[in-house]
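A note on names: the letters A, B, ... follow the listed sequences, proteins ahead of strands, and every chain is numbered from 1.
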Protein chains: 2
Amino acid sequence: MEKKLSIQDIAALTGLSTYTLRYYENIGLLSGIERDAKGYRVYSMEDISCIEFVIKLRDTDMPISQIKEFSDLRRQGNSTVIERKELLEVHQANVIKQMKELGDNLIKINEKINHYKKLAEQA
Amino acid sequence: MEKKLSIQDIAALTGLSTYTLRYYENIGLLSGIERDAKGYRVYSMEDISCIEFVIKLRDTDMPISQIKEFSDLRRQGNSTVIERKELLEVHQANVIKQMKELGDNLIKINEKINHYKKLAEQA
DNA sequence: ATACTCCTTATAGCGCACTCTAAAGCAAGT
DNA sequence: ACTTGCTTTAGAGTGCGCTATAAGGAGTAT
């Protein structure tokens, strides 16, 4: 008794537009999505978690080309688990670096705000 | 005895290309940059700190349109200090939010890595 | 039958932030 | 005098990640 979800449903659930959902499928970020008798896309629960993970990769600034690599590995099955792990570990390091750099820049922005506060007090 | 720096020097110092330096000036992110007798750009130390702060804003994903707003305020002088402070405070909140979201996504990526590690061990 | 609504595909267009090219000027070196 | 090497400008082109359009098909409502 699996729920069958339309592209509209998925758009509402994931926050991606229907355009983007088709685009992601076309370029190979998503695959194995069923079609009904009319040729309409039908999404499973597993598809949703797949999409949500793609969104997490994207939101941590993984380029689409690399998300595609990851998706291609997944499509190839269990033999690629180690490769997928390694790909994610590289990305993990990038995200940590990104956060550190954001933190450093945030400090500088804070300093500038404090500088302006002092200037404003003097006036 | 101020050092006078060429666009090449600034490119080397800031990591921006000479293209980007001219582009930033054209669109109003940078202003008040001197010219020598030949019409060549000559950068001051203050220009450098200005450029470096622009880079920090850019690297924290402030859109160029907003960096321009900030630069325009600066050009208007001391009367805009409070406005500049407020603009940066809004951005500060965005950066904090960004870091939080990165952290949340990082946790999910870590979970996936651990999942793959377990799968790999079983095999 | 006709209109409406949802979907499909292929392909074109957009916004952002650069990045490069073309044409020209000036100064030093050979 | 001429080449090299730096600069200038205006404007064209690039890459990414969507976003929109056009043309058409199937199912439901009137």
Side-chain angles (χ1 to χ4, degrees), chain A residues 3-44 47 51-72 91 94 98 101 105, chain B residues 3-44 47 51-72 91 94 98 101 105:
Chain A
K3 263 197 217 130
K4 293 301 175 187
L5 295 150
S6 73
I7 195 163
Q8 290 290 352
D9 296 332
I10 301 300
L13 276 168
T14 62
L16 297 180
S17 70
T18 56
Y19 296 138
T20 304
L21 283 165
R22 292 194 196 96
Y23 166 67
Y24 279 4
E25 195 179 338
N26 285 339
I27 63 174
L29 265 45
L30 273 27
S31 61
I33 286 155
E34 257 186 273
R35 301 300 180 110
D36 68 9
K38 296 180 216 165
Y40 290 13
R41 288 169 180 81
V42 176
Y43 295 81
S44 71
D47 293 332
I51 293 165
E52 279 171 347
F53 195 66
V54 164
I55 292 172
K56 286 181 206 320
L57 294 179
R58 182 198 66 174
D59 284 354
T60 49
D61 296 309
M62 185 184 280
I64 278 187
S65 59
Q66 212 172 326
I67 303 177
K68 179 164 165 47
E69 268 181 59
F70 179 80
S71 304
D72 288 346
H91 184 57
N94 289 340
Q98 230 185 111
E101 285 169 1
N105 286 325
Chain B
K3 265 199 216 126
K4 293 300 174 187
L5 295 151
S6 74
I7 194 162
Q8 291 289 352
D9 296 331
I10 301 302
L13 277 168
T14 61
L16 297 180
S17 70
T18 56
Y19 297 138
T20 304
L21 282 166
R22 293 193 195 96
Y23 166 67
Y24 279 4
E25 195 179 337
N26 285 339
I27 62 174
L29 264 45
L30 271 28
S31 60
I33 287 156
E34 256 186 275
R35 301 301 180 107
D36 69 8
K38 296 180 215 165
Y40 290 13
R41 288 170 180 81
V42 176
Y43 295 81
S44 70
D47 292 332
I51 293 165
E52 281 172 347
F53 195 66
V54 165
I55 292 172
K56 286 180 206 322
L57 294 179
R58 182 199 65 174
D59 285 353
T60 49
D61 295 308
M62 185 185 279
I64 279 188
S65 59
Q66 212 171 325
I67 303 178
K68 179 163 166 46
E69 268 181 59
F70 179 79
S71 305
D72 287 347
H91 184 56
N94 288 341
Q98 233 186 108
E101 286 169 1
N105 286 324

So, do [X] and [Y] sit near enough that their side-chain heavy atoms are less than 4.5 Å apart?
X       : Y       : value
B:Tyr23 : B:Ile64 : yes
B:Tyr40 : B:Ile7  : no
B:Leu21 : B:Ile51 : yes
A:Arg41 : A:Arg35 : yes

Exercise for the section: Heavy atoms only: give me the nearest B:Gly28-B:Ser71 pair and the separation to one decimal. Expected result: O-CB, 3.5 Å
Fill in the blank from the handout: All heavy atoms of A:Asp9 vs all of A:Lys4, minimum pair found to be OD2-O, 4.4 Å
Rounded distance in Å - [atom1] ([X]) to [atom2] ([N]):
X       : N      : atom1 : atom2 : result
B:Lys38 : D:dG5  : NZ    : P     : 15 Å
A:Ile67 : D:dG17 : CD1   : P     : 8 Å
B:Asp9  : D:dT7  : CG    : C1'   : 13 Å
A:Tyr40 : D:dG25 : OH    : P     : 13 Å
A:Asp36 : D:dG27 : CG    : C1'   : 11 Å
A:Asn26 : D:dC18 : CG    : P     : 13 Å
A:Ile27 : C:dT9  : CD1   : C1'   : 16 Å
B:Glu25 : D:dA10 : CD    : P     : 11 Å

Practice task
Ignoring backbone atoms, establish whether B:Arg41 has a side-chain N or O less than 4.0 Å from OP1 or OP2 of D:dT8.
Solution key: yes
Practice task
Ignoring backbone atoms, establish whether A:Gln8 has a side-chain N or O less than 4.0 Å from OP1 or OP2 of C:dC6.
Solution key: no
Nucleotide N/O of nucleotides 17-20 of chain C paired with protein N/O under 3.5 Å:
residue : atom : partner : partner atom : Å
C:dA17  : OP1  : B:Ile64 : N            : 3.4
C:dC18  : OP1  : B:Arg58 : NH1          : 3.4
C:dC18  : OP2  : B:Tyr24 : OH           : 2.5

Practice task
Could you tell me whether B:Arg22 contacts a base, only the sugar-phosphate backbone, or nothing, with contacts defined as non-hydrogen atoms closer than 4.0 Å?
Solution key: base
Handout entry: Check: B:Lys56 main-chain N/O paired with B:Asp59 side-chain donor or acceptor under 3.5 Å
Key = no
